[in-house]
There are 2 protein chains.
Amino acid sequence: MATSARTDGYQKTSVPTKNRILDAAETLFVEKGFAATSLRAIADLASVNLAATHYHFGSKEGLLAATIHRRVEPINKSRLEKLNCLEAESTPDMKSVVRSYLEPVIESMTGTLPSLIARLYGEPESVSRPLLEREFGAVFDRYIVALQRALPKAEESELRWLFHFSIGAMIHMLNFPSPPSMPPDALTREEAFARLESFILAGLTQGMEAELDAKVELS
Amino acid sequence: MATSARTDGYQKTSVPTKNRILDAAETLFVEKGFAATSLRAIADLASVNLAATHYHFGSKEGLLAATIHRRVEPINKSRLEKLNCLEAESTPDMKSVVRSYLEPVIESMTGTLPSLIARLYGEPESVSRPLLEREFGAVFDRYIVALQRALPKAEESELRWLFHFSIGAMIHMLNFPSPPSMPPDALTREEAFARLESFILAGLTQGMEAELDAKVELS
DNA sequence: GTCTATATTGGGATAGAC
DNA sequence: GTCTATCCCAATATAGAC
């Protein structure tokens, strides 16, 4: 009761300093980008002393890495769980694989975190590449394996490219939730993601499923 | 004689100051991002005095806008020319429309400029949105019209979403020329773009062309 | 683990001579 | 239109008291 329940103005002492900093950093990184955000602004928004940011994260880059990791880790964990679960029963089709990749993003979509990932992808390679490789490299490889199983006719390298494009479409939608000259709330996030899913599915399977269908027709 | 012919270290007086600044700004914006690049660094690389940047472009934002515009304008001009040219003969199919959108990007791909566009898309909305609307808004709308003609069964709003995704895939490929854990030179730019084109084409047409084929089969 | 205070560096912008 | 010099402010980071 008492003190622990107060929420004056902003965050409170009930939330650990470290998390308050992470929350504030996330908000501002999304809003203004990494380079354009100062540690001072983060400390202010978090109602924390400037020195605390250095105490907890060492440097601005360290804070960025921690901010990213806090959000990405559960998403990737959820992806891999879903995928393993799918494969436990039988070889999943493309649609299930794609969905298992997208769903955790939709589920985690309370506010800023998708944009955070999107923003990271927009940073210069010198900043983003190492972080992205660390956070997403293994998951990417894992999905390539799953996609190969679902689409045995495709070459691995081709799937890598197509999945690469798919991620690009997703990132772009996270960054710009709606197309130009369209109101941001024209579609709900779920509806927009449904569109994205079918776009990706069509792009990934290309003519390859059509061939399959054709053979079915012939038989 | 003497002074006018010297080429000490970097660019020369033969290139107008304004262009030297633009060249340097483009290089550094691509490399480090907008916020992380200082006007001082730009002036140094251009072998120009710092004050010259303000004289010619007013502010850092003004310089960004000019840098973007210099590259985007010819690309968009080329797109619209190609598109108008296509439509002069007959109603172009999806593939031609998509190609007319991508080709100018490939052709302009001497070095940094694709990454410049990609970087702009990665900037926070407050920076990127106004610039992007100004530079690409009309072209986007124009392409929606062309796509509708090529695919009359599709709704306009759906095409807007799908084209939105397509641009996302393209931007992402400009930003990351190759998929994770793949050498950057695995494919030539042209080959990579060919992959991208078929990915986009499949995603845009979705099942809609398949329906058409089915009807053809039935008739 | 949190504060104040400060060291140190670099940023954008401008004034005014040439 | 280009230079030098400078204003003024903000940045990251750290030292040291509590």
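Sequence lines set the chain letters: A, B, ... in the order given, protein chains first and strands last, and positions in each chain run from 1. Excluded from the calculations below are hydrogen atoms, water molecules and symmetry mates; all remaining heavy atoms, backbone and side chain alike, are included. Model, not experiment: these values are computed from the prediction.
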Length of the line joining [X]:[atom1] and [N]:[atom2], which is rounded to integer Å:
| X | N | atom1 | atom2 | result |
| --- | --- | --- | --- | --- |
| A:Ile21 | D:dA13 | CD1 | P | 14 Å |
| B:Asp44 | C:dG12 | CG | C1' | 14 Å |
| A:Lys18 | C:dT2 | NZ | C1' | 15 Å |

Practice prompt. Would you kindly say whether A:Asn84 and A:Arg142 are connected by a side-chain donor-acceptor distance under 3.5 Å?
Written response: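 Result is yes, a qualifying pair exists.
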Fill in: ring pair (Phe, Tyr, Trp, His ring centres under 6.0 Å) against A:Phe29, all qualifying residues, sequence neighbours excluded
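Result, ring pair (Phe, Tyr, Trp, His ring centres under 6.0 Å) vs A:Phe29: A:Phe34.
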Practice prompt. Could you name each residue pair satisfying ring pair (Phe, Tyr, Trp, His ring centres under 6.0 Å) that touches residues 46-88 of chain B, not counting sequence neighbours?
Written response: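 Sorted result for residues 46-88 of chain B: empty, none.
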Discussion item. Testing the basics here: between B:Arg70 and B:Asn19, what is the closest heavy-atom pair and its distance to 0.1 Å?
Written reply: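 Looks like NH1-O, 4.3 Å.
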Anything under 3.5 Å between a protein N or O and an N or O of nucleotides 3-7 of chain D, put it in a table, one pair a line.
unit_1 : atom_1 : unit_2  : atom_2 : d
D:dC3  : OP2    : B:Asn49 : N      : 3.4
D:dT4  : OP2    : B:Asn49 : ND2    : 3.1

Discussion item. With a 3.5 Å distance limit and no angle check, can you tell me whether A:Thr37 reaches the backbone of A:Gly33 through a side-chain donor-acceptor pair?
Written reply: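 Between the backbone of A:Gly33 and the side chain of A:Thr37 there is a qualifying donor-acceptor contact (under 3.5 Å).
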Worksheet item: Does B:Glu123 use its side chain to pair, donor to acceptor, with the backbone of B:Leu120 at less than 3.5 Å?
Response: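 No: the side chain of B:Glu123 does not pair with the backbone of B:Leu120.
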Worksheet item: Going by number, which of residues 54-65 of chain B have a non-hydrogen atom under 4.0 Å from DNA chain D?
Response: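 Result for residues 54-65 of chain B: B:Tyr55, B:His56, sorted by number.
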Worksheet item: Does A:Glu61 CD have over 12 foreign heavy atoms under 6.0 Å away?
Response: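 Atom CD in A:Glu61 is not crowded, with 12 or fewer foreign heavy atoms closer than 6.0 Å.
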Discussion item. Using ring centroids (six-membered ring only for Trp), state whether A:Phe140 and A:Tyr101 fall under 6.0 Å.
Written reply: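 No - the distance between ring centres of A:Tyr101 and A:Phe140 does not fall below the 6.0 Å cut-off.
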Item to complete: Begin from the C-alpha positions of A:Ser100 and A:Tyr143 and carry the test side chain to side chain donor-acceptor pair (under 3.5 Å) through to its verdict.
Response: CA-CA 10 Å; A:Ser100 77; A:Tyr143 268 84; 2.8 Å; yes
Item to complete: Could you identify which residues of residues 27-38 of chain A place a heavy atom less than 4.0 Å from some atom of DNA chain C, listed by residue number, or say none?
Response: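 None - not one residue of the stretch has a heavy atom sitting under 4.0 Å from the strand.
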Worksheet item: Any side-chain N or O of A:Thr17 less than 4.0 Å from the OP1 or OP2 oxygen of C:dT2?
Response: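 Result: yes.
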Item to complete: Sequence neighbours left out, what passes salt bridge (Lys or Arg N to Asp or Glu O under 4.0 Å) with A:Arg134? Give chain and number order.
Response: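 Expected list: none.
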